[in-house]
Amino acid sequence: MSTFSLKSPAFSRNETPEPNVKQGRRNDTENGGIQLLDADGDLSEKLEACLGHIFSKYIEPPFTSHQAESGLLVPEPNAYLTSTGLDRYAIDTNGQPFTEEAKAELREFLDVDEDGHLTLEGFLQIYALQSETDEEETWRDLSTHGFDRHLNLVSSRREGAEEVSRPTQA
């Protein structure tokens, strides 16, 4: 059994080698930098809120999301991404859907429901792994979905071209 890796050909995007940098925790917090990971290596609360918003855009009925005070979408606890929702997310994020091989890896190594649909916990696992190994890739994904380097939702393709600044609170 192989281990799950976002660096496998199924998830291939340009690599960002950053030797001698502690991934996920390299921003200068003394000057207002945002950390993607906390001191224990877990996703920061602010990043989790942003990822919940992104996840919410791709869940399909019968699930709904509500807006938190921060303006970010919050998925229902039992929400999941179907294969179609996962493909929509991948196209918006990477420009192409996941391969069947990549989807099989997701189902094998990440949190999925009994029908093999990716849960929010599984979605967060993707970003925990990615942020630990290639922080800049996570920042690119966040930017694609309209978040700035302070994890504020400023705009995205899906929200429209007009820039709206909504600070996040976690």
Side-chain angles (χ1 to χ4, degrees), residues 4 6 11 13 23-25 27 29 32-94 97-98 102-103 105-107 109-160 162-170:
F4 178 76
L6 290 172
F11 294 96
R13 278 179 67 179
Q23 293 294 317
R25 294 184 283 292
N27 288 336
T29 54
I34 298 294
Q35 301 299 318
L36 297 179
L37 303 176
D38 64 20
D40 296 325
D42 297 325
L43 296 175
S44 71
E45 288 181 27
K46 200 164 185 178
L47 177 58
E48 278 194 30
C50 296
L51 295 174
H53 175 84
I54 295 167
F55 180 83
S56 294
K57 296 189 304 184
Y58 301 99
I59 58 178
E60 297 178 0
F63 299 111
T64 58
S65 298
H66 69 277
Q67 262 188 328
E69 285 182 30
S70 65
L72 297 181
L73 298 173
V74 179
E76 290 183 8
N78 58 346
Y80 57 79
L81 296 182
T82 63
S83 183
T84 302
L86 190 59
D87 281 341
R88 287 185 12 246
Y89 156 77
I91 290 167
D92 284 354
T93 306
N94 301 320
F98 286 121
K103 288 180 190 177
E105 284 186 30
L106 291 173
R107 286 189 294 273
F109 296 108
L110 302 177
D111 190 64
V112 294
D113 70 6
E114 59 195 32
D115 295 321
H117 299 123
L118 187 69
T119 64
L120 175 59
E121 183 61 32
F123 191 75
L124 296 176
Q125 288 172 329
I126 290 171
Y127 280 97
L129 290 166
Q130 179 173 286
S131 297
E132 187 64 42
T133 60
D134 190 354
E135 178 183 3
E136 202 53 42
E137 184 71 15
T138 299
W139 283 114
R140 277 193 295 275
D141 291 355
L142 290 164
S143 176
T144 296
H145 289 280
F147 290 92
D148 67 13
R149 286 285 182 151
H150 296 283
L151 297 179
N152 295 319
L153 183 61
V154 292
S155 71
S156 80
R157 293 184 294 213
R158 299 189 57 82
E159 271 94 28
E162 168 183 314
E163 289 224 355
V164 178
S165 181
R166 291 179 282 199
T168 59
Q169 297 173 343

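Note that the coordinates shown come from a computational prediction; the quantities given were computed from them, not determined experimentally.
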(Q) Side chains of Gln67 and Leu73, heavy atoms from C-beta outward: is any pair under 4.5 Å? (A) yes
Q | Leu81 versus His117, closest heavy-atom pair with distance | A | O-CB, 3.4 Å
Q: Without swapping roles, check the side chain of Lys46 against the backbone of Gln35 for a donor-acceptor pair under 3.5 Å.
A: no
Q | Test side chain to side chain contact (heavy atoms under 4.5 Å, CB included) applied to Ser83 - qualifying residues, sequence neighbours left out | A | Asp87, Lys103
(Q) Can a donor-acceptor pair be found, under 3.5 Å and without considering hydrogens, that links the side chain of Ser143 to the backbone of Trp139? (A) no
Q.
Restricting to non-hydrogen atoms, name the atom on Ser131 and the atom on Leu47 that form the minimum distance, rounded to 0.1 Å.
A. OG-CD2, 4.2 Å
Q. Within the side chain of Asp38, is there an N or O that forms a donor-acceptor pair under 3.5 Å with the backbone of Asp40?
A. yes
Q) Hey, what do you get for CG (Leu142) to CD (Glu137), rounding to the nearest 0.5 Å? A) 10.5 Å
**Q.** Pairwise side-chain contact, Tyr80 with Asp115, heavy-atom cut-off 4.5 Å (strictly under)
**A.** no
Q: Ignoring hydrogens and angles, state whether a donor on the side chain of Thr138 or Gln130 is under 3.5 Å from an acceptor on the partner side chain.
A: yes
Q | Spacing of OH belonging to Tyr127 relative to CZ belonging to Phe55, to within rounding of 0.5 Å | A | 12.0 Å
Q: Taking all heavy atoms of Asp148 and all of Val154, pick out the closest pair and write down the distance.
A: OD2-CG1, 3.7 Å
Q. Any idea how Tyr89 and His145 line up, ring-wise: parallel (<30°), tilted (30 to 60°), or perpendicular (>60°)?
A. parallel
Q | Residues forming a side chain to side chain contact (heavy atoms under 4.5 Å, CB included) with Glu48, sequence neighbours excluded | A | Leu43, Leu124
Q. Is any side-chain heavy atom of Leu110 less than 4.5 Å from a side-chain heavy atom of Thr119?
A. no
Q.
Rounded to the nearest 0.5 Å, what separates atom CG in Asp141 from atom CG in Asp134?
A. 9.5 Å
Q: Kindly give the heavy-atom pair with the smallest separation between Leu151 and Cys50, and that separation in Å.
A: O-SG, 3.6 Å
Q: Look up atom CG in Asp111 and atom CD1 in Ile126, then write down how far apart they are to the nearest 0.5 Å.
A: 11.0 Å
Q.
If you compare all heavy atoms of Leu86 against all heavy atoms of Leu106, which two are closest, and at what distance to 0.1 Å?
A. CD2-CD1, 3.5 Å
Q.
I need the Thr93 OG1 to Phe98 CZ distance, nearest 0.5 Å.
A. 7.5 Å
Q) What's the shortest heavy-atom distance between Pro75 and Gly52, and which atoms? A) CD-O, 3.6 Å
